[in-house]
Amino acid sequence: MQKRHFLHATALAVLALGATAAVAAEDTFKIGLILPMTGQQASTGRQIEAAARLYMAQNGDTVGGKKVELIVKDDTSIPDVTKRMAQELVVNDKVNVLAGFGITPSALATAPIATQSKTPLVVMAAATSSITQASPYIVRTSFTLPQAAVSMADWAPKNGIKKVVTLVSDYGPGLDAEKFFVERLLFNGGQVTESLRVPMRNPDFAPFLQKVRDLKPDALFVFVPSGAGAAVMKQFLERGMDKAGIRLIGTGDVTDDDQLNDMGDGALGVVTSHHYSTAHPSLVNKKFVEAFQKANKGMRPNFMAVGGYDGMRVIYEALKVTKGQGGGDALLAAMKGQIFESPRGPMFIDAQTRDVVQNIYLRKVQKQDGQLYNVEFDVIKDVKDPGKNK
Ligand code: PHB
């Protein structure tokens, strides 16, 4: 009798526990944030995680009646690992959104999981044009290389740069940067005397830069992923390329704000095109930079941080509108067409392409208050991804 009573009580307790868990699951909104936290792309993971946590600290973790939970995973920027983690997050953790994606191959590897499970996938970093076409569930809050590269190819020939050598990382974003820069520069009457590609992982820039020195173009156009810029800059200066009259230009990845201040005065005068600079002179950005630095021991937010911060904004607003009802499709629909002022300036998620439309700025490295910044001096407004018109 006593035993039966005990069993009964246990069963009730288990039932009660189960019910609490079910309610908790229903009341929770989970974001699976997959980032490279270690390895070559670690700065991207560090920046985006910090930005996502800042957004949550500023906006609370209860949205549309749900408790928001952030689950951070380190994929070490190995695409197979990214994919496996996404699968586990969807199947085991039942996340409502997948987000992050430090490099293009990681985003592309995961796209089929978003499609199959109808889970919105917010790309906060990767920037190859075609990514948003890999799944109808992908939304992007970073940028595209064609956006930045075309703007540079319009600026250069108007500023005494006619003969250019290109040097890019040999994978998606690098190939996009090369293609769109070269096409537009030729269209504008410029000349590309050589196009060089370096391996994405552990590149040795020395032999390539030696070749550039021998070719003696007016400028070297560079794309390397965030985190690799300082190595390029160092070797460019060590080889005395600037003294030989070769200018360094590129998309803003090479003068990444995460590393720029440590590059030294040799970086002064380098002109790049990009969607975000820590020095962007708006009130929204000033507040963002201040809060980010305060929360992260003075760390300077770079363009990856802004991609993460805005990605969280897009997710939060979609959750507010849907109150977590209607699953992935409703959430996705509420992400499309969002328009708001980001720390980068005005931005818009094009409902047709699910890609970001934004200003691209021309910036020159200058010293302000003893620190190096990408100081904006011109803007091309509301740039759509030129890769989508092909
Ligand atoms: C990418 O892999 O898509 C990527 C990574 C870092 C960048 C830009 C693009 O700075």
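A quick note: this is a predicted structure, and the numbers were derived from the prediction, not measured. Order of listing sets the numbers, starting from 1, for every ligand and every atom in it.
- Residue contact check: Gly102 has heavy atoms under 4.0 Å from atoms 5 (C) of ligand 1.
- Each of the atoms 1 (C), 2 (O) of ligand 1 lies under 4.0 Å from some heavy atom of Ile103.
- Using a 4.5 Å heavy-atom threshold, the side chains of Val165 and Val192 count as separate.
- For the ligand labelled ligand 1, residue Met304 lies inside the 4.0 Å heavy-atom shell.
- Close approach of ligand 1 to Pro225 is summarised as follows: ligand atoms under 4.0 Å from at least one heavy atom of the residue are 5 (C), 6 (C), 7 (C), 10 (O).
- Ionic pairing of Asp310 and Arg344 is present here: one or more N-O contacts between side-chain nitrogen and carboxylate oxygen are shorter than 4.0 angstrom.
- The pair Glu290-Lys287 fails the salt-bridge criterion, with no side-chain N (NZ, NE, NH1 or NH2) lying under 4.0 Å from an Asp/Glu carboxylate O.
- Judged as a salt bridge (Lys or Arg N to Asp or Glu O under 4.0 Å), and not counting sequence neighbours, Lys286 has no contacts.
- The environment of CZ in Phe187 is sparse: at most 12 heavy-atom neighbours from other residues, nucleotides or ligands sit within 6.0 Å.
- Near Tyr171, the atoms of ligand 1 lying under 4.0 angstrom from a non-hydrogen atom of the residue are 1 (C), 2 (O), 4 (C), 5 (C).
- Taking distance alone, with nitrogen or oxygen atoms compared against 3.5 Å, Ala126 stays at or beyond that limit from ligand 1.
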*Give the intermediate values and the outcome of ring pair (Phe, Tyr, Trp, His ring centres under 6.0 Å) for residues Tyr361 and His274.*
CA-CA 5 Å; Tyr361 305 89; His274 227 207; over 10 Å; no

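- The atoms of ligand 1 that sit less than 4.0 Å from any heavy atom of Ser226 are 6 (C), 7 (C), 10 (O).
- Scanning the protein heavy atoms around atom 7 (C) of ligand 1, the nearest turns out to be Asp253 OD2, 3.4 Å.
- Between Lys73 and Glu88 there is no salt bridge, since no side-chain N of the basic residue sits under 4.0 Å from a carboxylate O of the acidic one.
- The residues Asp355 and Lys384 are annotated as not salt-bridged, no charged nitrogen and carboxylate oxygen being separated by less than 4.0 angstrom.
- Of all atoms in ligand 1, numbered sequentially from 1 with element shown, those under 4.0 Å from a heavy atom of Thr104 are 1 (C), 2 (O), 3 (O).
- The distance from ligand 1 to the heavy atoms of Phe303 drops below 4.0 Å at these ligand atoms: 10 (O).
- Here Phe101 has no heavy atoms under 4.0 Å from ligand 1, in either its backbone or its side chain.
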